[in-house]
Amino acid sequence: MAYWLFKSEPSSFSLEDLMARAAPEPWSGVRNYQARNFMRAMRVGDLGFFYHSSCATPAIVGEVEVVRPYYPDTTALDPEDHHYDPRALANPELWSMVDVAFRERYARPVTLARLKDCPPLSGMRLLARGNRLSILPVTEEEWRIIRGLASVA
DNA sequence: GCCAACGTTGGC
DNA sequence: GCCAACGTTGGC
């Protein structure tokens, strides 16, 4: 069992959007090799934080669960899609996605400011200088500490 | 809107 | 293989 962090701009896809879905949601559109490789390392049952970025109050707002291991990201094949990548036409395995299901929405999101104020979390990749990856690994200790900050049992 | 940091691209 | 230019990300 591993832990991850999924980053999304709430203006395009929020945790509330995920909650409204009846079925698990493909986490599509990732076009960064490191982030792709993290998805390829995911296994069913892995858990992840849902992080809202590029918004008024960046924060971890809840949790998701990986419910399907990686498979080809078909949005790369769609010329109408914003994440279309013609290189995938000859290589459909180029980009990957996993399916995630909603797990929990925190009554009190753990804001980026709060994460920064928590010394035990100073090593978090999310807090690293210049971090831009949309998928990040989270250690078991970080997972436990952050759930504590969110007052989740 | 600004700017720093980063990944990717492409010329050489 | 180097490296400058460019586009993107994301906090502020």
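Note: hydrogens, waters and symmetry copies are ignored here, and every other heavy atom, side chains too, is used. Each chain gets a letter, A, B and so on, in the order its sequence line appears, and its residues count up from 1.
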Identify each donor-acceptor pair in which a side-chain atom of residues 107-119 of chain A lies under 3.5 Å from a protein atom, sequence neighbours left out, and give them as a table.
{"from": "A/T111", "atom 1": "OG1", "to": "A/R114", "atom 2": "N", "distance (Å)": "3.1"}
{"from": "A/R114", "atom 1": "NH1", "to": "A/L149", "atom 2": "O", "distance (Å)": "3.3"}

(message) Any heavy-atom pair between the side chains of A/F6 and A/I135 that's under 4.5 Å?
(response) yes

(message) My understanding is that only residues two or more places apart in sequence, or in another chain, count here; which of them pass side chain to side chain donor-acceptor pair (under 3.5 Å) with A/R36?
(response) none

Are there any protein N/O atoms within less than 3.5 Å of an N/O atom in nucleotides 9-11 of chain B, and if so, which ones and at what distance?
{"from": "B/dT9", "atom 1": "OP1", "to": "A/R87", "atom 2": "NH1", "distance (Å)": "3.3"}

(message) The criterion is salt bridge (Lys or Arg N to Asp or Glu O under 4.0 Å); which residues satisfy it with A/R105, sequence neighbours excluded?
(response) A/E16

(request) If you link ILVMFWY side chains whenever their heavy atoms are less than 4.5 Å apart, which other residues fall into the same cluster as A/V44? By chain and number, please. (result) none

(request) Please list, chain by chain and in numerical order, all residues satisfying salt bridge (Lys or Arg N to Asp or Glu O under 4.0 Å) with A/R87, sequence neighbours excluded. (result) A/D85

(request) Give a yes or no on whether the ring-centroid distance for A/Y33 and A/W95 is below 6.0 angstrom. (result) yes

Check: protein-nucleotides 3-7 of chain C nitrogen or oxygen pairs below 3.5 Å:
{"from": "C/dG7", "atom 1": "N2", "to": "A/R132", "atom 2": "NH1", "distance (Å)": "3.4"}

(request) Give a yes-or-no answer on whether the side chains of A/D78 and A/T75 include a donor-acceptor pair shorter than 3.5 Å. (result) no

(message) Keeping A/R31 on the side-chain end and A/H83 on the backbone end, is there a donor-acceptor pair under 3.5 Å?
(response) yes

(message) Which heavy atom of A/Y70 sits nearest to which heavy atom of A/S96, and what is that distance?
(response) CD1-OG, 3.6 Å

(message) Please verify the inter-ring angle class for A/W27 with A/F50; under 30° counts as parallel, over 60° as perpendicular, anything in between as tilted.
(response) perpendicular

(message) Give the residues of residues 109-116 of chain A touching DNA chain C, defined as any heavy atom closer than 4.0 Å, sorted by residue number.
(response) A/L112, A/K116

(message) Below 4.0 angstrom, which residues in residues 46-60 of chain A have at least one non-hydrogen atom near DNA chain C?
(response) A/Y51, A/S53, A/S54, A/P58

(request) Find the distance A/L133:CG to B/dT8:P and express it as a whole number of Å. (result) 9 Å

(request) Just jot down the salt bridge (Lys or Arg N to Asp or Glu O under 4.0 Å) partners of A/E142, sequence neighbours excluded, or say none. (result) none

(message) Test of understanding: with salt bridge (Lys or Arg N to Asp or Glu O under 4.0 Å), list the residues that count as partners of A/R21, not counting sequence neighbours.
(response) A/E25

(message) Counting Watson-Crick and G-U wobble pairs with both distances under 3.5 Å, what is the dot-bracket string for DNA chain B, 5' to 3', using [ ] for crossing pairs and | for pairs to another strand?
(response) ||||||||||||

(request) Report yes or no: do A/L133 and A/L47 belong to one cluster of Ile/Leu/Val/Met/Phe/Trp/Tyr joined by side chain heavy-atom distances under 4.5 Å? (result) yes

(message) Does atom OH (A/Y106) have a neighbourhood of more than 12 heavy atoms from anything else shown, all under 6.0 Å?
(response) yes

